[in-house]
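Inspection log for the structure reproduced underneath, given as structure tokens.
Residue numbers count from 1 along this sequence. Scope of the values below: all heavy atoms of this structure, side chains included, with no hydrogens, waters or symmetry mates.
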Amino acid sequence: MVDNERARSIGVLAVGLGLIVLGILFLAGQLFGFNVWGVVWPFFIIVPGLLFFVGMVALGKNGAPLAIPGSIITMIGLILLFQVLTGLWQMWAYIWALVFPTSVGIGIAIAGLWGDDPRAARAGGTTALIGLVIFLAFAVFFELLLNLSGLRSGPLGRIVLPVLLIGAGVVTLLLALLPRRR
């Protein structure tokens with residue numbers, strides 16, 4: 001009975017804090033003249049995604065599978081937040097790789113770690129890594145070669161993208177040189 005009261009108190013506290021934060025945002029929007037909804041709406045996707053992780057923690061090891069939809073939904077919300085803040089909607093040409101397979105792999109890895117399943121954790125990590133490689137490969141193609149969103153001509157393209165390419169090359173070489181475990 002005490003646990004239910006404590007959970008209820010935490011839930012009420014979270015709702016109260018959420019309302020205060022929303023109120024402050026709307027007040028700031030009125031005072032400084034910016035559209036709060038234009039920035040806040042991705043959180044209506046991020047928060048439910050994070051609630052899957054809350055459920056996972058609440059259920060213990062049996063809740064491990066909740067990490068998979070939690071990571072997918074949270075990733076989608078974070079991508080949408082990034083795009084709302086930057087206006088780089090053209091990136092959907094390749095940013096989908098962060099949803100599938102990357103976020104799926106992250107979810108499987110978290111589920112494996114939470115549920116004490118090292119094979120699932122490794123498989124999820126591998127899947128997430130493959131997704132990141134796909135994302136980077138398409139990002140290089142669409143941004144460095146085609147300049148899809150115009151990033152290549154800005155400071156990001158002139159400095160950060162080449163540094164990312166160098167980093168990807170270093171990681172690739174290290175992976176090729178490390179001994180394989182059987």
Side-chain angles (χ1 to χ4, degrees), residues 21-22 24-26 28-53 66-113 120-180:
V21 168
L22 275 175
I24 290 170
L25 282 172
F26 281 114
Q30 292 297 316
L31 294 174
F32 301 110
F34 66 89
N35 179 7
V36 175
W37 282 115
V39 176
V40 170
W41 71 265
F43 288 97
F44 287 98
I45 299 168
I46 295 169
V47 170
L50 294 175
L51 288 176
F52 276 93
F53 289 105
L66 292 175
I68 299 166
S71 68
I72 294 167
I73 295 168
T74 303
M75 180 70 79
I76 291 169
L78 291 172
I79 289 169
L80 291 170
L81 179 63
F82 168 79
Q83 291 181 317
V84 161
L85 294 174
T86 63
L88 297 172
W89 297 96
Q90 307 89 329
M91 287 182 152
W92 272 112
Y94 56 91
I95 210 165
W96 57 265
L98 292 180
V99 177
F100 180 80
T102 308
S103 68
V104 174
I106 290 170
I108 293 170
I110 292 170
L113 291 171
R122 274 192 307 278
T126 301
T127 303
L129 183 61
I130 289 168
L132 286 174
V133 169
I134 292 169
F135 168 74
L136 288 173
F138 279 119
V140 165
F141 175 76
F142 283 110
E143 297 301 342
L144 286 181
L145 298 176
L146 300 180
N147 199 23
L148 179 68
S149 57
L151 290 176
R152 185 177 66 204
S153 53
L156 182 67
R158 290 194 308 264
I159 307 285
V160 175
L161 288 175
V163 169
L164 286 175
L165 280 174
I166 294 167
V170 169
V171 168
T172 303
L173 289 175
L174 288 175
L175 289 173
L177 296 173
L178 289 175
R180 298 267 180 198

With side-chain contact (heavy atoms from CB on, under 4.5 Å) as the test, would you mind laying out the steps for Trp41 and Leu80 before giving the verdict?
CA-CA 9 Å; Trp41 71 265; Leu80 291 170; 3.9 Å; yes
What's the verdict on ring pair (Phe, Tyr, Trp, His ring centres under 6.0 Å) for Trp96 and Phe135, showing C-alpha distance, side-chain angles and the deciding distance?
CA-CA 8 Å; Trp96 57 265; Phe135 168 74; 9.4 Å; no
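Inter-residue side-chain proximity for Trp92 and Ile79 is flagged as met; some heavy-atom pair is nearer than 4.5 Å. Counting heavy atoms from C-beta outward, Phe53 and Leu66 have side chains that stay 4.5 Å or more apart. Counting only heavy atoms from C-beta outward, the side chains of Tyr94 and Glu143 approach each other to under 4.5 Å. With contacts defined as side-chain heavy-atom distances shorter than 4.5 Å, the pair Leu132/Leu98 qualifies. Within the 4.5 Å cutoff, side-chain heavy atoms of Phe82 are placed close to those of Met91. Here the side chains of Ile73 and Met75 are not in contact, with every heavy-atom distance at 4.5 Å or above. Residues Val21 and Phe43 form no side-chain contact, since every pair of their non-hydrogen atoms from C-beta on lies 4.5 Å or further apart.
From Thr102, atom OG1 reaches atom CD1 of Ile95 across 10.0 Å, with rounding to the nearest 0.5 Å. For the atom pair CG of Leu129 and CD1 of Ile106, the computed distance is 10.5 Å after rounding to the nearest 0.5 Å. Atom OG1 of Thr172 is separated from atom CG of Leu136 by 9.0 Å, given to the nearest 0.5 angstrom. Atoms OG and CD1, on Ser103 and Ile76 in that order, are 6.5 Å from each other to the nearest 0.5 Å.
In this structure a side-chain-to-backbone donor-acceptor pair under 3.5 Å is present from Ser71 to Gly107. The backbone N or O of Leu88 lies less than 3.5 Å from a partner atom in the side chain of Gln83, making a donor-acceptor pair.
Nearest heavy atom pair, residue Ala67 against residue Ile110, reads CB-CG2, 3.6 Å. Here the closest non-hydrogen pair linking Val84 and Val39 is CG1-CA, 4.0 Å. The minimum heavy-atom distance between Val99 and Ile72, with the atom names listed, is CG1-CG2, 4.3 Å. The two atoms that bring Ala121 and Ala109 nearest to each other are O-CB, 3.7 Å, heavy atoms only. Taking each heavy atom of Phe100 and Val104 in turn, the nearest pair found is CD1-CG2, 3.5 Å. When all heavy atoms are compared, the tightest approach of Thr74 to Gly49 is OG1-C, 3.1 Å.
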